2 protein chains.
Amino acid sequence: MASENNPYRSDCPINYSLEMLGDSWSLLIIRDIIFAGKRTYGEFLTSDEGIARNILANRLQQLTCKGILEKKPHHTDNRKDLYVVTDKGLDLIPILLELSAWGAKHEPSTSHGQSWVAETNLDREQLVQRIRQSVLEGRSVFDSVGD
Amino acid sequence: MASENNPYRSDCPINYSLEMLGDSWSLLIIRDIIFAGKRTYGEFLTSDEGIARNILANRLQQLTCKGILEKKPHHTDNRKDLYVVTDKGLDLIPILLELSAWGAKHEPSTSHGQSWVAETNLDREQLVQRIRQSVLEGRSVFDSVGD
DNA sequence: TCATTTCAGTTTCATAATGCAACTGAAATA
DNA sequence: TATTTCAGTTGCATTATGAAACTGAAATGA
């Protein structure tokens, strides 16, 4: 199934996403931008998880390279830059919501006041139920859905 | 915001999920179980991405520790074990779907024949639109949604 | 029954990524 | 003009990754 003309480990879209985002920190930076309105190096540094300065610099650079963030000059302070999400970055919102919902469900101590994560999605829920059922019945998903 | 009584880097549910799953390989193993019906060490080894044997063994052990997989004896071959997803693991289906949708959208070369990823979710889409809009307008999400 | 193969890991070792703390140089502030 | 703030960088110790060879138990075939 792997093709030789792309630079990724395989031609699976989940794999692509994980090659882009599959580490401990990248999605936390996106979270800080999207859910906390952070925009500068210094603001990202203050997050609870305590990312190291060099790792932060590295991830900001990589996310920029990958077209998920964009670096723009700060209008009133020339020492600072603003990191803003691109459209590609904004499209990560559903992933963040699902990560949040899963985390909140399976480690309830993390679900402080995030009542809005409960705003549910019923069409999505139906598809998930069908896949879930096929896994429980020992079938592969490819037997029950498309392809 | 970080509390002192949990063992995680912070009390954010997204952070919890990333501490559980934030690496290149864990979700690929879950993908193989859920979307390809794989169940044994040997089957996971054959995936296109080419995970190393030691890394695979390590991830299977960690995912089992974390309550996402369960190791069961193979009924007809005592050399093998079956790795099956728990309920906690099945709850990862929405995350996998979103990762797949994002990957397929932003690297179209990865979206071979997965027509079923297009089965959309409109309630979810509405929430995403609201958040997206608030980010674009420079507001923090906490300004526009709950809390 | 006995030799061979298959299987799930483990071990070894080289290389890369992480994380901490001290440092730098430019721009803002007093 | 001196000091502070800011976004990074550098150096270094520790940890994780990855490839390949190895192990020991169970299945298979003669």
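What you see below is based on every heavy atom in this structure, not just the backbone, and it leaves out hydrogens, waters and symmetry mates. Since we're looking at a predicted model, the values are computed, not measured. Just so we're on the same page: letters track the sequence lines, and every chain starts at 1.
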Separation of C:dT5 atom C1' from B:Lys80 atom NZ, nearest Å, is 13 Å
Residues B:Ile95, B:Leu99; criterion side chain to side chain contact (heavy atoms under 4.5 Å, CB included); working and verdict:
CA-CA 6 Å; B:Ile95 294 174; B:Leu99 287 170; 4.0 Å; yes
Listed nucleotide nearest any side-chain atom of B:Ile55, set C:dC7, D:dG18, D:dT5
D:dG18
Atom CG of A:Asp23 to atom C1' of D:dT15: distance rounded to whole Å?
16 Å
Separation of D:dT5 atom P from A:Glu43 atom CD, nearest Å, is 16 Å
Give the rounded distance in Å between these two atoms: CD of B:Glu49 and P of D:dT17.
16 Å
Taking a hydrophobic cluster as the set of Ile, Leu, Val, Met, Phe, Trp and Tyr residues connected by side-chain heavy atoms closer than 4.5 Å, whether directly or through intermediates, do B:Val128 and B:Leu97 fall within one such cluster?
yes
Does a nitrogen or oxygen in the side chain of B:Tyr41 sit under 4.0 Å from OP1 or OP2 of C:dT10?
no
Side-chain contact check for A:Arg79: nearest option of D:dG8, C:dG9, C:dA28 is C:dA28
Provide, to the nearest angstrom, the distance between the CG atom belonging to A:Leu82 and the C1' atom belonging to D:dC6.
13 Å
Mind checking if B:Thr40 touches a base, just sugar-phosphate, or nothing, with heavy atoms under 4.0 Å?
sugar-phosphate
Please determine if a side-chain N or O atom of B:Trp25 lies less than 4.0 Å away from the OP1 or OP2 oxygen of D:dG18.
yes
No-H, no-angle donor-acceptor pair, B:Arg53 side chain to D:dA20 base, under 3.5 Å
no
Could you walk me through whether B:Ile33 and B:Phe44 pass the side chain to side chain contact (heavy atoms under 4.5 Å, CB included) check?
CA-CA 9 Å; B:Ile33 296 177; B:Phe44 300 133; 3.6 Å; yes
Hey, can you tell me if B:Tyr8 and B:Tyr16 have their rings parallel, tilted or perpendicular (30° and 60° cut-offs)?
perpendicular
Round to a whole Å and report the spacing from CG of A:Asp77 to C1' of D:dT5.
8 Å
Please check if the side chain of B:Lys88 supplies one atom and the backbone of B:Lys66 the other of a donor-acceptor pair under 3.5 Å.
yes
Below the 4.0 Å mark, does C:dT18 have OP1 or OP2 next to a side-chain nitrogen or oxygen of A:Arg59?
yes
Please confirm whether the shortest side-chain N or O distance from A:Asn78 to OP1 or OP2 of C:dA28 is below 4.0 Å.
yes
Please pick, from D:dA7, C:dG9, D:dT17, the nucleotide with the shortest atom-to-atom distance to any side-chain atom of B:Ala57.
C:dG9
Looking at A:Ile68, is its backbone amide N or carbonyl O close enough to the side chain of A:Thr86 to form a donor-acceptor pair, meaning the two atoms are under 3.5 Å apart?
yes
Separation of C:dG9 atom P from B:Leu56 atom CG, nearest Å, is 8 Å
Taking CG from B:Leu28 and P from D:dG18, how many angstroms apart are they, rounded to a whole number?
11 Å
For DNA chain D, list all stems, counting runs of three or more consecutive pairs where every pair is Watson-Crick or G-U wobble with both distances under 3.5 Å.
C:1-30 with D:1-30
Whether B:Thr110 side chain and A:Cys12 backbone form a donor-acceptor pair below 3.5 Å:
no
Test side chain to side chain contact (heavy atoms under 4.5 Å, CB included) on B:Val84 and B:Leu69; report intermediate values, then the result.
CA-CA 5 Å; B:Val84 300; B:Leu69 297 184; over 6 Å; no
At under 4.0 Å between heavy atoms, what does B:Phe44 touch on the DNA or RNA strands: base, sugar-phosphate, or nothing?
nothing
Quick one: label B:Asn54 by what it contacts on the DNA or RNA (base, sugar-phosphate, nothing), any heavy atom closer than 4.0 Å.
base
